[in-house]
Amino acid sequence: MSKITWGIIGCGNVTEKKSGPALSKVPNSKLIAVMRRNAEKAADYARRHNIGKWYADGEQLMNDPEINSVYVATPPASHIDYTLSALKKGLNVYIEKPVTLNAAEAIKIAEAVKQSTGKVSIAHYRRAQPFFLKIKELLDTKVIGDVRTVQIRMWQSRKPALITHLEDNWRINPALSGGGYFHDLSPHQLDLMLYFFGEPEYYNGRGLNQSGANPCDDNVSGLLIFKNGVVVNGSWCFNVTEEESIDRCEIIGSEGSISFPFFNAPHTITLKVGGLEELITFPSLEHVQQPMIEKVVNYFNGEGDNPCSIDDAIVLMKIIDAFTAPPNPPQ
């Protein structure tokens, strides 16, 4: 296998621990350059992580002849431009979630992939974590029978503890993020529903700004019906008190149930079957994206399947668009 040589475009907080170090820890992979528009911060990141090169311009990084793959970790608004440019240069691209501001932009990336020698994979990294793979195994082996209904509840305060709160807080600037905290957190949750249950047949929802604390929807409700008959109901609210915060998914089957958190530790699955309850706990990962990055490196090297394609991401973005679209005017 050849070496995947990475450049990070947007070496911000998410890359410090979750992903950046893993690019040099998985086999046949090395991070050799980083970019940030703030040159001082780019240089500081490179120094602290012992990386040989840094840039303050994304095009300059992508023109580095030693780089064959880029990790786009900027806010979503710039994902499409950096990705299209990288694909034109024949580079492989690993894109942070949400992949774009909306489904229309994701479709443009899919069209560009067809014209490029480069490959694209999306950072829906929970697909590769042992915790969620165990849940998929329980579902696939029908430990709880046939799945009837799924309930997702993500209720947080106006400043969720799950989020790193930066000075600019781009996550609540729709021009940069596509929406608010729903757009930042729900891609992990909704992508897992697609990973677990396959192709959706119907989806719809409604978002609204209840509190007016920022320009974004802070209360979103959505319904998903899959072709296999599984029904998913989701509730996302980002204006409750800390005491009412919850991060929970409940999967109810014909023979039992599985419940778990998407984000919060401890990473424990509660399995109930036949009146008995079992707790299955997994340790926290040092670098949460490392299992996914290993699969992505194998895919880029032609040694494995794409762990999350742009086509997968298009379906997800269509769901997010549907959940947050303005309501139709009354007839």
Side-chain angles (χ1 to χ4, degrees), residues 12-19 73 75-76 96-98 123-126 129 131-132 135 149-193 205-224 232-252 257-272 277 279-289 319-320 323-324:
N13 180 266
V14 71
T15 71
E16 288 282 354
K17 187 77 171 178
K18 293 180 178 181
S19 57
E96 261 301 335
K97 59 81 218 161
H124 291 142
Y125 57 84
R126 281 170 169 75
Q129 291 181 335
F131 179 70
F132 296 104
I135 295 169
T149 188
V150 182
Q151 303 291 319
I152 297 172
R153 285 180 292 166
M154 169 56 67
W155 302 341
Q156 300 289 309
S157 73
R158 296 179 188 176
K159 294 190 69 174
L162 302 172
I163 299 292
T164 300
H165 295 279
L166 307 173
E167 289 181 10
D168 60 353
N169 206 359
W170 59 263
R171 289 177 174 86
I172 53 173
N173 180 348
L176 296 178
S177 65
Y181 294 129
F182 172 79
H183 279 70
D184 189 58
L185 296 174
S186 73
H188 288 301
Q189 301 163 306
L190 294 172
D191 178 71
L192 281 172
M193 297 300 103
R206 176 74 190 278
L208 69 155
N209 187 332
Q210 282 186 322
S211 68
N214 58 61
C216 309
D217 290 341
D218 56 15
N219 195 318
V220 178
S221 298
L223 168 68
L224 273 163
V232 176
N233 286 280
S235 173
W236 293 264
C237 186
F238 298 99
N239 57 31
V240 301
T241 64
E242 292 287 350
E243 292 75 18
E244 297 300 327
S245 295
I246 188 169
D247 162 25
R248 202 70 180 163
C249 180
E250 296 174 294
I251 303 175
I252 311 301
S257 67
I258 299 167
S259 60
F260 58 93
F262 289 100
F263 300 95
N264 289 334
H267 305 293
T268 299
I269 301 165
T270 302
L271 175 64
K272 296 180 181 180
E277 179 176 296
L279 302 180
I280 308 170
T281 299
F282 285 75
S284 299
L285 299 174
E286 182 181 8
H287 309 294
V288 294
Q289 293 206 35
I319 293 168
I320 289 176
F323 281 13
T324 57

- When the ring planes of Phe182 and Phe323 are compared, do they come out parallel, tilted or perpendicular, using 30° and 60° as the limits? tilted
- Query: Arg171 versus His183: any side-chain heavy-atom pair under 4.5 Å?
  - Reply: no
- Task: Please determine if Asp247 and Arg153 form a salt bridge, counting it only when a charged side-chain N lies under 4.0 Å from a carboxylate O.
- Result: no
- Do Cys216 and Tyr181 touch side chain to side chain, with heavy atoms closer than 4.5 Å? no
- Query: Can you tell if the side chain of Pro76 reaches within under 4.5 Å of the side chain of Trp170, non-hydrogen atoms only?
  - Reply: yes
- Non-hydrogen side-chain atoms of Lys97 and Asp191 separated by less than 4.5 Å: no
- Query: So, do Leu192 and Ile135 sit near enough that their side-chain heavy atoms are less than 4.5 Å apart?
  - Reply: no
- Spell out, as yes or no, whether a donor-acceptor pair under 3.5 Å connects the side chain of Asp218 to the backbone of Phe238. no
- Query: Does Glu242 use its side chain to pair, donor to acceptor, with the backbone of Ser157 at less than 3.5 Å?
  - Reply: no
- Task: Mind checking the CG-CG spacing from Asn214 to Asn173? Nearest 0.5 Å is all I need.
- Result: 10.0 Å
- Is the distance between the ring centroids of His188 and Tyr125 under 6.0 Å? yes
- Item | Separation between CD1 of Ile252 and NZ of Lys272, rounded to the nearest 0.5 Å | 8.5 Å
- How far does CG of Asn239 sit from CZ of Arg158, to the nearest 0.5 angstrom? 6.5 Å
- Set of residues satisfying salt bridge (Lys or Arg N to Asp or Glu O under 4.0 Å) with respect to Arg248, sequence neighbours excluded: none
- Query: Where do Ile172 and Pro215 come nearest, in terms of heavy atoms and distance?
  - Reply: O-CD, 3.6 Å
- Side chain to side chain, Lys18 and His287, heavy atoms closer than 4.5 Å: no
- Task: Give, for atom CD of Gln289 and atom CZ of Arg126, the distance between the pair rounded to the nearest 0.5 Å.
- Result: 9.5 Å
- Task: With rounding to the nearest 0.5 Å, note down the distance linking CD1 in Ile246 to CD in Gln156.
- Result: 9.5 Å
- Item | Atom CD of Glu16 with >12 non-hydrogen neighbours under 6.0 angstrom | yes
- Message: If you apply the rule side-chain contact (heavy atoms from CB on, under 4.5 Å), what do you find for Phe131 with Leu285, and how did you get there?
- Response: CA-CA 10 Å; Phe131 179 70; Leu285 299 174; over 6 Å; no
- Heavy atoms of Gln189 and Ile152 approach each other most closely as NE2-CG2, 4.0 Å
- Closest approach of Asn264 and Pro261, non-hydrogen atoms and distance? O-CG, 3.3 Å
- Is there side-chain contact between Ser177 and Asp184, with at least one heavy-atom pair below 4.5 Å? no
- Message: Would you say that Trp236 contacts Asp217 through its side chain, given a criterion of any heavy-atom pair below 4.5 Å between the two side chains?
- Response: no
- Query: To the nearest 0.5 Å, how far apart are CG in Leu279 and CZ in Phe260?
  - Reply: 14.5 Å
- Query: If you take all heavy atoms of Asn209 and Ala213, which pair is closest and at what distance?
  - Reply: OD1-N, 4.3 Å
